[in-house]
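All values below were derived from every heavy atom in this structure, side-chain atoms included, with hydrogens, water molecules and symmetry-related copies excluded.
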Amino acid sequence: MKIEAIGEEKILVALSDKDMNELDITYDEMDYSNIETRRVIWTILDEAKRSLGKSIDTDGRILIEVTPGDDGGCIMCFTTMPVTDYKSKKKLIMKKEAEPLLFRALDENAFLDALKVLRAVSGSYKSFEIFSYYKNLYIVIYPKITGTDKISYILSDFGDISFGENELLSHISEYGKILKVN
């Protein structure tokens with residue numbers, strides 16, 4: 001089990017296949033409504049506290065993002081979320097995939113440059129698709145949970161990047177022309 005603090009609000013935990021066996025859980029079984037998943041999460045948070053000498057604030061909201069690892073394990077990212085009202089206090093949110101990113105290039109040259117940079121950071125995403133829609137070039141990127149910030153930062157020099165805009169993303173995926181680029 002590899003545990004790393006990323007700033008004050010995030011803890012990244014990489015579990016190997018062996019770790020998953022020791023915790024007696026699989027990626028497919030992970031669901032916060034499952035009591036075994038909760039047991040694993042609290043075990044990991046306890047280990048993170050021992051390893052890092054600090055704990056994640058479990059009095060507020062926590063976003064738990066989980067993605068399968070390359071070795072049969074998984075990667076978990078724990079992020080404390082700001083409490084915006086009394087109803088959101090003490091709520092845990094578990095996501096097993098990162099939101100897709102939608103990139104719109106400033107122009108054709110920026111698109112080609114962004115594509116080169118995107119290929120250079122291929123370890124930060126699972127896949128991507130390219131679309132042409134109303135004279136704009138778009139890239140829909142399916143990042144790994146830990147790659148979202150890196151990809152957003154790098155591509156922001158070449159165009160607009162957004163995530164969580166599912167309606168626009170769906171519209172482009174449905175009505176845009178998919179392009180194949182070598």
Side-chain angles (χ1 to χ4, degrees), residues 2 4 6-17 20 26-33 37 61-82 84 88 91-182:
K2 293 181 184 176
E4 177 184 351
I6 301 174
E8 291 296 314
E9 292 84 29
K10 285 188 180 190
I11 295 176
L12 188 67
V13 179
L15 299 172
S16 68
D17 186 37
M20 299 285 282
T26 65
Y27 173 79
D28 292 332
E29 294 170 337
M30 285 197 179
D31 179 352
Y32 198 72
S33 62
T37 300
R61 292 178 66 181
I62 300 174
L63 173 63
I64 306 166
E65 298 170 291
V66 184
T67 188
D70 297 332
D71 65 350
C74 72
I75 298 171
M76 300 180 80
C77 185
F78 297 88
T79 308
T80 56
M81 305 295 288
T84 55
S88 66
K91 185 174 181 182
L92 292 164
I93 304 165
M94 185 171 186
K95 293 171 58 177
K96 290 181 87 171
E97 298 293 330
E99 295 279 332
L101 300 174
L102 180 63
F103 169 78
R104 184 182 59 84
L106 295 172
D107 56 34
E108 287 180 18
N109 289 330
F111 170 78
L112 294 173
D113 290 341
L115 201 53
K116 284 180 195 173
V117 170
L118 187 60
R119 287 184 173 143
V121 295
S122 62
S124 299
Y125 61 88
K126 295 176 207 163
S127 63
F128 66 87
E129 297 175 302
I130 301 168
F131 293 91
S132 173
Y133 182 69
Y134 282 108
K135 298 182 183 179
N136 288 307
L137 294 169
Y138 291 91
I139 305 174
V140 178
I141 305 153
Y142 302 94
K144 293 181 178 178
I145 288 176
T146 57
T148 302
D149 293 338
K150 182 178 184 177
I151 293 169
S152 297
Y153 177 75
I154 290 173
L155 292 183
S156 64
D157 289 341
F158 306 104
D160 301 319
I161 193 149
S162 58
F163 52 93
E165 298 193 24
N166 295 332
E167 188 174 318
L168 177 58
L169 180 64
S170 295
H171 197 75
I172 290 170
S173 296
E174 186 173 345
Y175 299 108
K177 179 182 177 186
I178 194 159
L179 304 175
K180 300 287 184 192
V181 177
N182 294 332

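- Scanning for ring pair (Phe, Tyr, Trp, His ring centres under 6.0 Å) contacts around Tyr133 gives His171, with sequence neighbours left out.
- Within the structure, no pair that satisfies the salt bridge (charged side-chain N to carboxylate O under 4.0 Å, His left out) test touches residues 129-143, not counting sequence neighbours.
- Smallest separation of non-hydrogen atoms from Pro100 and Pro143: CA-CD, 4.0 Å.
- Contact of the Glu29 side chain with the Met20 side chain is not registered, since no non-hydrogen atoms from C-beta on lie closer than 4.5 Å.
- Here CG of Leu102 is found 10.5 Å from OG of Ser170. Values are rounded to the nearest 0.5 Å.
- Shown here are the ring pair (Phe, Tyr, Trp, His ring centres under 6.0 Å) partners of Phe128, two or more places apart in sequence or in another chain: Tyr125.
- Phe78 CZ to Glu65 CD: the interatomic distance, rounded to the nearest 0.5 Å, is 10.5 Å.
- Sorted by first then second residue, the salt bridge (charged side-chain N to carboxylate O under 4.0 Å, His left out) pairs that include residues 151-162, not counting sequence neighbours, are Arg104-Asp160.
- In terms of modelled atom types and a separation under 3.5 Å, the side chain of Thr67 and the main chain of Ile75 share no donor-acceptor contact.
- Residues satisfying the side chain to side chain donor-acceptor pair (under 3.5 Å) criterion with Ser122, sequence neighbours excluded, are absent altogether.
- The distance from atom OG of Ser173 to atom OH of Tyr138, rounded to the nearest 0.5 Å, is 11.5 Å.
- For Ser156, there are no side chain to side chain contact (heavy atoms under 4.5 Å, CB included) partners two or more places apart in sequence or in a different chain.
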(message) What verdict does the side-chain contact (heavy atoms from CB on, under 4.5 Å) test give for Ile139 and Phe111, after you've listed the backbone C-alpha separation in whole Å, the side-chain angles of each residue and the deciding distance to 0.1 Å?
(response) CA-CA 9 Å; Ile139 305 174; Phe111 170 78; 3.7 Å; yes

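- Contact check for Leu179 versus Leu137: side-chain heavy atoms found under the 4.5 Å cut-off.
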